[in-house]
Peer 1: 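Next up is a structure, given as structure tokens.
Every value quoted in this text rests on a predicted model; they were computed, and no experiment measured them. Below, chain A is the first sequence line, B the second, and so on; all start at residue 1.
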Amino acid sequence: MTQGAHSFSVERGLNAWREEIDAPVAAFFSSCVHCGLCAQACPFFVETGDPKYTPIHKLEPMRLLWEQEFTLWGKLKKTVKDRVDAQLGRAPKPLITDEMLEEWEPLLYDSCSMCGRCSMVCPVGNDIHYMIRKAREGMVASGHSPEGLVAASVRAVNTGSPMGLQWKTLDVQIKHVETATGLEVPIDKQGAEYLVLLSSMEIINFPEYLEAITKIFDHAGVSWTLSKTCFEATNAGIQIGSKDIAATLVQRVVDAAEQLQVKNVISPECGHAYTAIRWEGPNAIKRAYPFKVYHIIEVLDQLRADGRIKTEGKEMDRLSMHDPCNLARKSGVVQQQRSLMDLVASNFVDLKEHGEFQWCCGAGGGVSSNERAEPLKLAAFKRKKAQIEEVEPERMVTMCATCRTQLEEGLEEFNMDIPVVGLTEIIADHLVEKEVENKKAEES
Amino acid sequence: MTPMDFLLLTKGPLFSLAIAIFALGILIRLFEIFALGRAHNYAAARGNEVIPGLKTMYRRFNPDPGTFKRSTFDVVVGTLWHVGFVIALLMFIPHIELIKSTLGVSWPGLPNPVVDAVTAITLLGLVAVLIHRLTHPVKRFLSTPQDYLIWAVTFLPVLTGYLAYHRLINPYPLALGLHIFTVEIFLIVLPFTKLTHIFTAFVARYYNGAIFGRKGIQS
Amino acid sequence: MATSKTLGESLRQHGVSRRGFLKFCAATASMMALPPSMAPAIAQALEKARRPSVIWLSFQECTGCTESLTRSFSPTVENLIFDVISLDYHHTLQAAAGDAAEHAREQAMNTNAGEYLVVVDGSLPGPNANPGYSTIAGISNYDMLMDTIDGAAAVVAVGTCAAFGGLPKADPNPTGAVSVQDLVKDKPVINVSGCPPVPMVITGVLAQFLTFGTLPELDEYGRPRAFFGQSIHDRCYRRPFYDKGKFAESFDDEGAKAGWCLYRLGCKGPMTYNACATMKWNGGASWPVEAGYPCLGCSEPDFWDAGGFYKALSVPTGSPGDVLLTAGAVGAAVGVGAGLMSRNQGKQAAKHHDKVTADQLEEKL
């Protein structure tokens with residue numbers, strides 16, 4: 001590999017954008033009338049009031065490229081401009097410079113969690129987050145991506161986990177879960193129905209998740225397995241915005257699933273991991289999967305619907321729920337978590353804007369891996385905080401480790417004593433114990 | 001040039017020229033978009049694309065309650081003048097006659113006093129959105145000269161139409177000629193500016209609805 | 001010449017009653033947008049007015065304007081007024097012919113130098129056109145006009161041909177016809193347009209000249225604002241149907257029978273300024289729109305060329321439907337071409353795709 005050919009440059013970035021610009025992008029750029037309504041949908045703008053955080057503005061460099069190279073009118077304008085420059089004997093001014101991309105880097109990464117809320121409100125129908133995702137491809141290729149995300153991507157590719165977590169760490173936890181539950185955690189079980197993936201953040205911060213699914217799957221009689229070669233569900237490539245990195249990481253999941261010949265792959269309580277494997281993965285590796293992909297919440301709700309989960313007792317305190325953007329708005333999983341809540345909560349209240357119109361916690365889209373974005377991340381959280389204050393819950397429930405961490409840290413920052421729990425754990429807590437169930441069966 | 005010469009110029013050759021540039025330009029823009037296409041999507045779909053796409057084309061006329069609350073002015077005034085513009089354009093009898101002679105289709109119009117009132121509201125709405133654009137921090141920040149240009153080319157036909165109807169410009173051939181002339185400017189400018197949103201917004205909405213719809217969300 | 005008799009004496013001699021005369025004065029006052037209290041003043045002034053000398057020049061015309069003025073079905077004050085001016089030269093009406101006729105014109109010019117009125121009907125070949133298209137007694141229209149207006153107090157261009165060129169000037173204007181105001185720059189020109197003009201408008205202008213010795217206030221086209229101040233459309237009795245959106249679609253449909261608006265049949269009322277809707281024709285019997293016929297816009301410049309008589313005012317004169325189709329087809333083809341070029345650009349970019357690897361990223365850290 002020659003150093004020059006592979007170094008990041010503006011030209012390489014523009015080339016990436018040329019690959020990304022498609023009919024929807026052209027339709028979106030053709031339609032924006034600068035009404036600014038997207039700003040009102042963006043937690044980063046709403047909580048800072050800085051107009052530069054208006055979502056569509058974050059795409060200005062890519063729009064310039066589209067206009068100049070993907071419209072006949074833009075090409076004509078360029079020809080005229082070049083002629084004039086030649087006549088005056090001056091060098092043509094480059095359309096997009098390194099400085100410009102540097103200026104836009106924080107706009108595209110630090111102040112955007114790719115939550116997609118702007119895409120829901122744009123009156124002309126622009127799917128802005130669809131374009132942000134594409135714009136990040138060019139940012140990576142031009143060398144303008146945040147250090148935190150670059151480091152996470154490198155670690156993910158080189159170690160298998162964006163946090164550098166090793167199997168042996170997980171192994172310790174597995175042993176711990178097995179001791180605590182008296183159940184076996186299946187590993188590399190050929191032909192299992194489900195391959196369960198985890199996220200590093202979960203393994204480190206929320207070990208209760210693994211215990212919860214072990215219990216639930218045992219209760220419901222689900223055949224499942226972990227894979228030693230690939231336990232990580234998250235995909236730093238999606239967050240930094242590189243199809244290449246994403247493909248490398250997704251390929252590991254596909255290889256593991258194919259090797260174990262599982263029918264389904266379960267993405268953990270993590271938002272972006274789900275969209276990465278469910279929606280982007282097949283396109284990154286350019287083929288359809290021979291298996292299906294589910295978020296754990298989808299699986300649990302299906303088990304509930306099939307009557308395979310039996311619960312007893314309900315949480316009595318006032319619970320509310322944060323929908324992860326990736327799960328609800330960006331993947332269409334909205335009703336499932338509510339059906340599960342009904343199973344175990346007697347005093348559940350939804351946030352006023354929820355489901356496809358929920359507000360982002362502020363940490364998604366790689367913002368949480370980008371140290372530089374800390375202040376913005378906290379600022380954006382204020383929108384969520386306001387939403388929580390509106391309904392005054394005693395606890396918050398969610399189903400994404402990143403959201404959960406952000407909620408916990410944010411609520412602590414504002415001295416709000418509201419614990420945050422994962423939905424899977426609550427379900428596990430209310431399972432009818434096996435012996436009791438068996439006894440009941442005998443009695444009848 | 002007499003006012004009648006001017007009117008005949010605008011009703012004749014200039015109109016043909018404007019409509020030619022408009023048709024040529026807008027179809028280039030639209031086909032340029034469609035020809036780019038979309039990459040094949042390998043991910044298993046959760047939902048349909050076409051129906052949610054079509055639904056979103058309509059749904060974006062009705063903003064969600066949150067957006068309505070946060071951007072009440074934009075929603076109310078924006079809707080008001082857009083609807084007013086369309087009513088004045090499509091429901092005024094002389095306009096219907098023009099469309100009938102050009103496209104061969106026609107429909108019943110609205111009584112003139114109604115169209116007149118709607119036009120007045122549209123004019124006020126357009127002035128209000130200009131002031132809003134000049135004062136609202138986000139709008140002012142985003143606005144480029146083109147945004148003000150398209151405001152002007154949209155405002156002028158409505159204004160001249162209103163003035164002609166009320167005979168506030170004399171002689172009448174001059175008033176009518178000016179109205180038609182400003183419409184011609186609008187038609188000529190349209191394909192080369194973001195006025196294309198009149199057509200492409202529906203394409204954009206369709207794609208938005210289709211992209212979300214495939215994932216099981218009605219956007 | 002009997003120029004010594006006052007108008008009042010002349011009218012009484014013709015048997016016009018005092019009452020009929022005052023009625024005419026009141027109508028004149030209202031037409032000139034004067035308050036009714038001015039009627040006696042008009043009457044007084046008219047009674048004392050001396051008969052002015054009028055020279056009537058007929059060029060490229062059809063005599064319709066003279067017909068309009070003279071062919072009233074019963075004697076009215078209007079045509080009596082016409083009788084009592086001293087019409088010293090008028091082709092159609094005068095008895096003299098040939099040299100004698102021309103002599104009468106010259107004599108009137110000499111006797112009343114600086115005071116006589118020149119009335120013109122018909123357009124005339126312009127100074128650069130072949131003068132042979134219209135001559136009188138071997139004199140080109142152009143020469144006769146310029147010669148006659150020299151000592152005139154004012155010029156009244158009667159009819160749309162004289163006022164704006166009218167039919168002779170209509171496309172392709174083979175005779176190079178021009179209007180009076182195109183040529184007369186140093187004398188007041190009053191345009192009394194219409195094809196033909198409403199008779200009372202002609203007499204009204206003369207009445208004002210006789211009454212006040214002044215010329216009426218004129219609009220942008222040099223027409224007396226008192227008569228041409230409002231459009232046919234604004235004073236049309238069918239206007240409520242226009243406002244309600246009720247239109248005749250053909251000349252014999254139910255709408256036409258019900259007297260609905262004729263806009264869709266090509267009525268040019270909205271762009272036409274004239275007094276037809278208020279004064280009507282033939283002694284107030286009717287007028288074109290009342291007879292079920294769309295206004296042609298005959299009192300407006302270039303009305304012959306203003307699109308078809310039966311095409312609605314807002315309808316373009318070309319064939320925009322064909323233009324739309326042709327340009328649209330070309331646009332679609334060019335658009336597909338341009339789009340495919342752009343698409344190819346994307347494909348080329350994909351070919352040049354430089355895979356991002358962890359190693360490359362690591363170098364950045």
Peer 1: Is it true that a side-chain atom of B:K194 and a backbone atom of B:L190 form a donor plus acceptor pair closer than 3.5 Å?
Peer 2: no

Peer 1: Highest number of heavy-atom pairs under 4.5 Å with chain C: which of B:R29, B:M4, B:E97, B:H95?
Peer 2: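 Greatest number of close heavy-atom pairs with chain C: B:E97.
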
Peer 1: Please evaluate residues B:T119 and B:D116 with respect to the criterion side-chain hydrogen bond (donor to acceptor under 3.5 Å, both in side chains), reporting the C-alpha separation (whole Å), side-chain torsions for both, the decisive distance (0.1 Å), and the verdict.
Peer 2: CA-CA 5 Å; B:T119 309; B:D116 182 38; 5.4 Å; no

Peer 1: To the nearest 0.5 Å, what is the distance between CG on C:L340 and CZ on C:R343?
Peer 2: 7.0 Å

Peer 1: Between B:I19, B:V115, B:D5, B:L103, which has the largest tally of heavy atom pairs under 4.5 Å with chain C?
Peer 2: B:I19

Peer 1: Quick check on the interface: out of C:S231, C:A333, C:G337, C:P270, who has the most heavy-atom pairs with chain B under 4.5 Å?
Peer 2: C:P270

Peer 1: Name, in order of residue number, those residues of residues 150-188 of chain B that have a heavy atom at a distance of less than 4.5 Å from a heavy atom in chain C; otherwise write 'none'.
Peer 2: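 From residues 150-188 of chain B, the residues near chain C are B:Y165, B:R167, B:N170, B:P171, B:Y172, B:P173, B:L176.
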
Peer 1: Let's test your reading of the structure: which of C:G346, C:G328, C:G318 forms the most heavy-atom pairs below 4.5 Å with chain B?
Peer 2: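 Highest number of pairs under 4.5 Å: C:G328.
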
Peer 1: By the definition side-chain contact (heavy atoms from CB on, under 4.5 Å), identify the one residue from C:L296, C:L167, C:D171 that meets it with C:W304.
Peer 2: C:L167

Peer 1: For a quick check under 3.5 Å, do C:S179 and C:D182 share a side-chain donor-acceptor pair by atom type?
Peer 2: yes

Peer 1: Tell me, side chain or backbone of C:R223 under 4.5 Å from chain B's heavy atoms, or both, or neither?
Peer 2: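 Answer is neither: C:R223 stays 4.5 Å or more from chain B.
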
Peer 1: Using only atom types and a distance under 3.5 Å, with no angle test, would you say the side chain of C:S123 pairs donor to acceptor with the backbone of C:A162?
Peer 2: no

Peer 1: Name the member of B:S101, B:P94, B:P191 that forms the most heavy-atom pairs with chain C at distances under 4.5 Å.
Peer 2: B:P94

Peer 1: Atom CG of B:L98 and atom CZ of B:F92: how far apart are they, to the nearest 0.5 Å?
Peer 2: 11.5 Å

Peer 1: Only heavy atoms, only distances under 4.5 angstrom. Which residues in residues 30-59 of chain B are near chain C?
Peer 2: B:F31, B:E32, B:A35, B:L36, B:G37

Peer 1: Can you list every pair that meets ring pair (Phe, Tyr, Trp, His ring centres under 6.0 Å) and has a residue in residues 155-188 of chain C, with sequence neighbours left out?
Peer 2: C:F164-C:Y221

Peer 1: Who wins among C:L325, C:D234, C:N344, C:T326 for the most heavy-atom pairs under 4.5 Å with chain B?
Peer 2: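 Looking at each of C:L325, C:D234, C:N344, C:T326 in turn, C:D234 comes out on top.
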
Peer 1: Evaluate the side-chain proximity of C:L265 to C:C267: yes if any heavy-atom separation is below 4.5 Å, no if none is.
Peer 2: no

Peer 1: Just by distance, with hydrogens left out, do C:E300 and C:T272 show a side-chain donor and acceptor under 3.5 Å apart?
Peer 2: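 C:E300 vs C:T272: no donor-acceptor pair found between side chains.
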
Peer 1: For C:G166, does its backbone N or O pair with a side-chain atom of C:T160 as donor and acceptor, under 3.5 Å?
Peer 2: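 No, the answer is negative, given that no donor and acceptor are paired below the 3.5 Å cut-off.
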
Peer 1: Report yes if some heavy atom in the side chain of C:F303 is under 4.5 Å from a heavy atom in the side chain of C:C195; otherwise report no.
Peer 2: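 Result yes, sub-4.5 Å side-chain heavy-atom pair found.
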
Peer 1: What residue, out of B:G25, B:A20, B:P108, has the most heavy-atom pairs lying under 4.5 Å from chain C?
Peer 2: B:A20

Peer 1: Within a radius of less than 6.0 Å around NZ of C:K185, do more than 12 heavy atoms belonging to other residues, nucleotides or ligands occur?
Peer 2: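 Atom NZ in C:K185 is packed in, count exceeds 12.
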
Peer 1: Using modelled atom types and a 3.5 Å cut-off, is there a donor and acceptor pairing between side-chain atoms of B:W81 and backbone atoms of B:A128?
Peer 2: no

Peer 1: Report, in residue-number order, which members of residues 241-248 of chain C are under 4.5 Å from chain B by heavy-atom distance.
Peer 2: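 Answer by number: C:Y242, C:D243, C:K244, C:G245, C:F247.
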
Peer 1: Measuring heavy-atom distances to chain B, does C:D305 have an atom under 4.5 Å in its side chain, in its backbone, in both, or in neither?
Peer 2: both

Peer 1: So does C:Q230 get a backbone contact from the side chain of C:R235, meaning a donor-acceptor N/O pair under 3.5 Å?
Peer 2: no

Peer 1: A side-chain contact here means heavy atoms from C-beta on lying under 4.5 Å apart; do C:V155 and C:Q181 qualify?
Peer 2: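 Side-chain contact under 4.5 Å: no.
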
Peer 1: Atom NZ of residue position C:K347 - does it have more than 12 heavy atoms of other residues, nucleotides or ligands inside 6.0 Å?
Peer 2: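 Counting other residues, nucleotides and ligands, NZ of C:K347 stays at 12 neighbours or fewer.
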
